[in-house]
Amino acid sequence: MAGRASDIEERVRELLARMSLDQKIGQMTQPERTHVSPEEVKRHHIGSVLSGGGSCPGDNRPADWVAMNDAYWTASMEEDEDHLAIPILYGVDAIHGNANVLGATVFPHNIGLGAAGDPELVERIGRVTAREVRAAGVDWTFAPTLAVARDVRWGRTYESYSEDPGVVGEYAGRIVRGLQGGGGVACAKHWVGDGGTRDGVDQGDTVVSEEELRRVHIAPYVSALEAGALTVMVSLSSWNGEKCHAHRYLIRDVLKGEMGFRGFVVSDWNGVEPLAGDHGEAVAMAVNAGIDMVMVPERWMEFIGALREGVEGGDVAVERIDDAVGRILRVKFECGLFERGRPWGRRGANGSSFGSRAHREVAREAVRKSLVLLKNEGGVLPLDKGGRILVTGWGVDDRGRLCGGFTVEWQGVLGNDRIEGGTSVWEGIRAVAPGAVLGGVGGGGGEGVGGPPGMGEEEGDFDAAVVVIGERPYAEGLGDIREAGPVRPGTNHLPAGPGVLEPYGDTLELAVLHPEDLRAIRGLSGRGIPVVAVLVSGRPLVVDEELAASAGFVAAWLPGSEGGGVADVLFGDFDFVGRLPMGWPGGVGDAGEVLFARGYGLRMGVARRSYPPGAGTR
């Protein structure tokens, strides 16, 4: 905190008293960077700007981000008779590292961290993330996601630490302390119940009693607020048919009243639009419900006009505006934004620690601890570093697939070109096993078949094969497992209600989603080669057939940029310590059959290197 609470409150009151209605409304407005210029930030008194997934300045280097933020900051601080100097607060989706930026350290997505069972590690990850966010001149990250995923068909399952609210709650306080202790502003999201929607449909309806909502979905926020989370983002989903963005009881009565939250509440991307057919009515509903800052990427000028009309017409009370702006100013004072100075001159901006070896080692540790061993028939693991190992599968030399969604682009990327630094699984194996051979996918057909020239070497005898299988990158509704629904033309990170984005597929069965994976495993095991399958996925999948055909099976989740951590464990430098953060489905996946219960995870029994006490425990 930048000063004593009493001093901050006095500064808030003094500044608020000087502000006109237009200046106040400007502070409540958050456009997307491609739709607002620095000149417009000054002219309209804009309080915050954000980057949508994949939206980046220049060549997408830290220096480009610092230069952009410096321009916005300078515009916001140009004071004259019509403008007050109130620094801009820039926001990004740094949900597993500052992964929008090229060369960033990309951590495992939350589901993998939940498997690791190490809250202290999560706090360290928060601090590293904050440093890499600050290196880009940014202060605010829209993290952590505190969803308690109850249906793995949900396309955002990988953003959830666990199906257990106790685990999510334990992590919540630690990640907030890490992010804000590292000099950033955290944002607990999405308030509330986003992980409990019916059938796992993104932006859907969470149909539960208030008792269950509090016990499961609200509970993790308690520790986040106790740790000092300065902002909270509202969910695009509904609770029992009522949109959370218009839910006064949940926002004003429960979050701000009962739970005593004194920071500010921000809407999600275009979250106001679906509330009513009339834009002015929708704006009034959201602000009256308790939303303080409104994320309006494109229609921000229309929002400003609608809110001004709402206040002048008596639909929104001036007291509600003052409360909202007071909260925004309080956060800016508490995080030290007024004293921080221009981005170019800030400590850590353009810092050499961005993507550094030290940061990547934290990520590699997280990868090692996140891996869950589901099968080890005949002690195939650990692999022999001196053995002849075939390394194959669509994802074996693809860092983009390891990182998943919200990496460089909203939906993630494929290949190695845009994931700078780090290692793929193949690169990690090659470094420790000189006899390993890179091969093709093996089963024929399907996406990702083929590989580099000279792959005929895969013919012959091998002691074992590592086959990397699983999902391609996705984010939000495009990751849902459900029947295909209507797709709104022209959508680009523009959620507009449940079912509007084409789903990933209509089944959790990997053999149906990606039949080439099973063909590859069977083709190798049929030659008498013991197969170790490494599943890269954002959720548990139905893999009964792949399990049966493999000697070893590892759930690697979405490990991020440091795929070498997979090799560390496969070859026995470290043992498996990960345990399932949620139940693993079997059968057809929709009949409630659980193949492995939450907490399941095998060990190899190696002890070449040790973890700190408590690692991989619950």
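Val176 places a side-chain heavy atom less than 4.5 Å from the side chain of Pro144. For the pair Thr407/Leu558, no side-chain contact is recorded, criterion being any heavy-atom separation below 4.5 Å from C-beta on. By the 4.5 Å heavy-atom criterion applied to side chains, Glu170 and Val122 are not counted as neighbours. With a 4.5 Å cut-off on side-chain heavy atoms, Val362 and Leu121 count as touching. A 4.5 Å side-chain heavy-atom check between Glu562 and Leu402 finds every atom pair outside the cut-off. Residues Trp344 and Asn350 have side chains in contact (heavy-atom distance under 4.5 Å, counting atoms from C-beta outward). Two residues are said to be in side-chain contact when any heavy atoms from C-beta on lie closer than 4.5 Å; Trp73 and Arg340 fail this criterion. In this structure, Cys56 and Asp64 have side chains that are not in contact, with every pair of non-hydrogen atoms separated by 4.5 Å or more.
Not a single donor-acceptor pair under 3.5 Å links the side chain of Arg11 to the backbone N or O of Phe333. A donor-acceptor pair is defined here as one N or O able to donate and one able to accept, closer than 3.5 Å; no such pair exists between the side chain of Ser160 and the backbone of Thr157. Side-chain atoms of Gln23 come within 3.5 Å of backbone atoms of Asp82 as a donor-acceptor pair (strictly under, hydrogens ignored). One N or O on the side chain of Trp557 and one on the backbone of Ser370 form a donor-acceptor pair closer than 3.5 Å. In this structure a side-chain-to-backbone donor-acceptor pair under 3.5 Å is present from His245 to Ser235. Looking at Arg360, its side chain does come within 3.5 Å of a backbone N or O of Gly355 through a donor-acceptor pair. With hydrogens and angles ignored, the 3.5 Å screen pairs no side-chain donor or acceptor of Lys189 with any backbone N or O of Asp268. In this structure a side-chain-to-backbone donor-acceptor pair under 3.5 Å is missing from Trp410 to Glu476. Listed for the Thr29 side chain is no donor-acceptor partner under 3.5 Å among the backbone atoms of Ile46. Put simply, the side chain of Tyr171 never gets that close to the backbone of Ser162: no donor and acceptor are under 3.5 Å apart.
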Could you give me the CA-CA distance, side-chain angles and deciding distance for His96 and Ile125, then say whether side-chain contact (heavy atoms from CB on, under 4.5 Å) is met?
-> CA-CA 9 Å; His96 64 142; Ile125 288 171; over 6 Å; no

Is there a side-chain contact (heavy atoms from CB on, under 4.5 Å) between Leu250 and Val234 once you walk through the steps?
-> CA-CA 10 Å; Leu250 288 178; Val234 182; over 6 Å; no

Where do Asn288 and Val316 land on the side-chain contact (heavy atoms from CB on, under 4.5 Å) test, with the steps shown first?
-> CA-CA 7 Å; Asn288 286 333; Val316 180; 3.8 Å; yes

Intermediate values then yes/no, side-chain hydrogen bond (donor to acceptor under 3.5 Å, both in side chains), Trp269 and Glu32 = CA-CA 10 Å; Trp269 187 281; Glu32 207 277 337; over 6 Å; no

Stepwise side-chain contact (heavy atoms from CB on, under 4.5 Å) test for Val266 and Trp140 | CA-CA 12 Å; Val266 62; Trp140 186 18; 4.1 Å; yes

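Scanning all heavy atoms of the two residues, the minimum distance from Trp300 to Pro31 falls at CD1-CB, 3.4 Å. Nearest heavy-atom pair, Gln27 versus Leu329, reported as atom, atom and distance to 0.1 Å: OE1-CD2, 4.3 Å. When all heavy atoms of Ala135 and Gly351 are compared, the closest pair comes out as CB-N, 4.0 Å. Nearest heavy-atom pair, Ala306 versus Gly280, reported as atom, atom and distance to 0.1 Å: CB-CA, 4.0 Å. Closest non-hydrogen pair, Ser37 versus Tyr72, comes out as C-CE2, 3.8 Å. Between Val185 and Cys335, the shortest heavy-atom distance links the atoms CG2-CB, 3.6 Å.
For the pairing with Phe354, the side-chain contact (heavy atoms from CB on, under 4.5 Å) check across Arg134, Glu132, His359 returns one residue only, Glu132. Residue Asp22 is tested with His44, Arg308, His83, His45 for a side-chain hydrogen bond (donor to acceptor under 3.5 Å, both in side chains); the sole match is Arg308. Among the candidates Ile291, Val296, Val287, the single residue satisfying the side-chain contact (heavy atoms from CB on, under 4.5 Å) test with Met28 is Val287.
With salt bridges taken as basic N to acidic carboxylate O contacts below 4.0 Å, one links Glu361 and Arg368. Checked for salt-bridge contact, Lys256 and Asp292 meet the test: a charged N lies under 4.0 Å from a carboxylate O. Using a 4.0 Å cut-off between charged nitrogen and carboxylate oxygen, Glu258 and Arg214 count as a salt-bridge pair. Between Arg320 and Asp323 there is a salt bridge, since at least one side-chain N of the basic residue sits less than 4.0 Å from a carboxylate O of the acidic one. Contact check on Glu365 versus Lys369 returns a salt bridge, with a Lys/Arg side-chain nitrogen under 4.0 Å from an Asp/Glu carboxylate oxygen. Residues Glu120 and Arg124 are paired through a salt bridge, judged by an N-O separation under 4.0 Å between the basic side chain and the carboxylate. At a threshold of 4.0 Å, the pair Arg177-Glu123 does not count as salt-bridged, since none of the basic side-chain nitrogens sits closer than that to a carboxylate oxygen. Using a 4.0 Å cut-off between charged nitrogen and carboxylate oxygen, Asp80 and Lys42 count as a salt-bridge pair.
Tyr90 and Ser51 share a side-chain donor-acceptor pair at under 3.5 Å. Side chains of Arg33 and Ser55: a donor on one and an acceptor on the other come within 3.5 Å.
We find the CG-OG distance between Leu84 and Ser20 to be 7.5 Å, quoted to the nearest 0.5 Å. Taking CD from Glu334 and CD from Gln180, the interatomic distance works out to 9.0 Å, rounded to the nearest 0.5 Å. Once rounded to the nearest 0.5 Å, the distance linking CG of Asn100 with CZ of Phe406 reads 9.0 Å. Considering CG of Asp59 and CG of Leu102, their distance stands at 8.5 Å, rounded to 0.5 Å. Within the model, atoms OG of Ser237 and NE2 of His190 stand 9.0 Å from one another, a figure rounded to the nearest 0.5 Å. One distance of note links CG of Asp139 with CZ of Arg346; it measures 4.5 Å at 0.5 Å rounding.
Aromatic ring centres of Tyr474 and Tyr158 lie closer together than 6.0 Å. Checked against the 6.0 Å centroid threshold, His247 and Trp239 count as a close aromatic pair.
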